[in-house]
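See below for the structure under consideration.
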There are 2 protein chains.
Amino acid sequence: MAIDHLDGRIIVLLAREPRIGVLEMSRRLGVARGTVQARLDRLQSNGVIRGFGPEVDPAALGYPVTAFATLQIRQGQGADVRAHLATVPEVLELHTTTGTGDMLCRLVARSNADLQRVIDRVVGFDGIVRASTAIVMENPVPLRIIPLVEQAAEDRDRT
Amino acid sequence: MAIDHLDGRIIVLLAREPRIGVLEMSRRLGVARGTVQARLDRLQSNGVIRGFGPEVDPAALGYPVTAFATLQIRQGQGADVRAHLATVPEVLELHTTTGTGDMLCRLVARSNADLQRVIDRVVGFDGIVRASTAIVMENPVPLRIIPLVEQAAEDRDRT
DNA sequence: GTACCAGTGAGCACATTGCCCAGTCGGAGC
DNA sequence: GCTCCGACTGGGCAATGTGCTCACTGGTAC
């Protein structure tokens, strides 16, 4: 589970320049190609690296508005609500949480007006008691993993 | 900005099997290799596809706990808080929002106990007035874009 | 009709991949 | 101390994919 320093450098390098191949990585890191290949295989079968899917920008697709909705669910309706939300394309992500709400989901929409349509579709389902929505204005820190990977690699080193 | 049906199929195919190359894609889609190559170049320079970074699973790195924190910021301290949060590796994402809170951030931690340390570090900063945290229990819908891409492609078709 | 754009199918040199091997090194176990 | 084992190295191989170019076609706008 824990990654060592070399694993960390591989992931960071890959995150910064995804297009580079195994050979180029081995050159930059100063290790043999087979080593990088073996590490990568291990990281993937470990599940540390889930995949290399394309990162798509919803804004560029015509969905510039992002929002987070906190949902309160009627007791026992959780599974139905999950299934319902999974059918809405504008729901990019869904979590069940502790705290005030029962679920938190990330939404996108074509405009603020369109967001109303999306929310109606999301909450237009029996098991949802209440929803409160926060519209995203800015995204100062986009989803990132590099600092965490570096942290994890250093923790390992100290051990 | 808008993507057509072929663009949609390219992205979906790529999302499902990231390792396949341009040549294999052209075979599956029944179009010429040059076409796929040109489309991909356009999608990337458009910004629709931001990149192909590795998807790292924080849980596999030793951070199995995810939480969302809603922060209230003292007037005028926004920039400082942003800068502060950017230095915390466990902050994976940060948004400024409308609504009850002023910011929403995604955190990870090594354990529920460790989450306390992370939160202390996050809110241990002058500009933050209040924080309320929701711990993620389940993730029924992991971050996804395929349904949205298909939606966008169909909308385009209808036009 | 002409110009233009997107797609096609083909060809080319080149680099990279996936795979195999023999050899070295360091640590763990006996 | 000795041996075994796993990880890393450096090399070599055939096969494949890449980046690039070309001439040609079909549809569309002017």
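We name chains A, B, ... by the order of the sequence lines, and we start the count at 1 in each one. Computed from a predicted structure; not experimentally measured.
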[N] [atom2] sits how many Å from [X] [atom1], rounded?
{"X": "Asp7(A)", "N": "dA7(D)", "atom1": "CG", "atom2": "P", "value": "12 Å"}
{"X": "Leu40(B)", "N": "dA6(C)", "atom1": "CG", "atom2": "P", "value": "16 Å"}
{"X": "Ile10(B)", "N": "dA6(C)", "atom1": "CD1", "atom2": "C1'", "value": "13 Å"}
{"X": "Leu6(A)", "N": "dA7(D)", "atom1": "CG", "atom2": "P", "value": "13 Å"}
{"X": "Gln44(B)", "N": "dG19(D)", "atom1": "CD", "atom2": "C1'", "value": "14 Å"}
{"X": "Asp41(B)", "N": "dC5(C)", "atom1": "CG", "atom2": "P", "value": "17 Å"}

Is it true that [X] and [Y] have a side-chain N and a carboxylate O under 4.0 angstrom from each other?
{"X": "Arg117(B)", "Y": "Asp114(B)", "result": "yes"}
{"X": "Glu17(A)", "Y": "Arg28(A)", "result": "yes"}
{"X": "Asp102(B)", "Y": "Arg74(B)", "result": "no"}
{"X": "Glu90(A)", "Y": "Arg106(A)", "result": "no"}

Measure across [X] and [Y] and return the closest heavy-atom pair with its distance rounded to 0.1 Å.
{"X": "Pro140(B)", "Y": "Leu94(A)", "value": "CD-O, 3.1 Å"}
{"X": "Gly62(A)", "Y": "Arg110(A)", "value": "O-NH1, 3.3 Å"}
{"X": "Pro89(B)", "Y": "Gln151(A)", "value": "CG-NE2, 3.6 Å"}

Discussion item. Under 4.0 Å, heavy atoms only, any strand: does Arg27(A) hit a base, just the sugar-phosphate, or nothing?
Written reply: sugar-phosphate

Expected list for residues 28-37 of chain B near DNA chain C, using heavy atoms below 4.0 Å, is Val31(B), Ala32(B), Arg33(B), Thr35(B)

Distance check: side-chain N/O of Arg39(B) vs OP1/OP2 of dG7(C), anything under 4.0 Å?
yes

Sorted by number, residues from residues 11-26 of chain B placing a heavy atom under 4.0 Å from DNA chain D are Gly21(B), Val22(B), Leu23(B)

Would you please classify the geometry between the Phe68(A) ring and the Phe68(B) ring as parallel, tilted or perpendicular, with 30° and 60° separating the classes?
tilted

Value for CZ (Arg39(A)) from CD1 (Ile3(A)), rounded to nearest 0.5 Å, stands at 10.0 Å

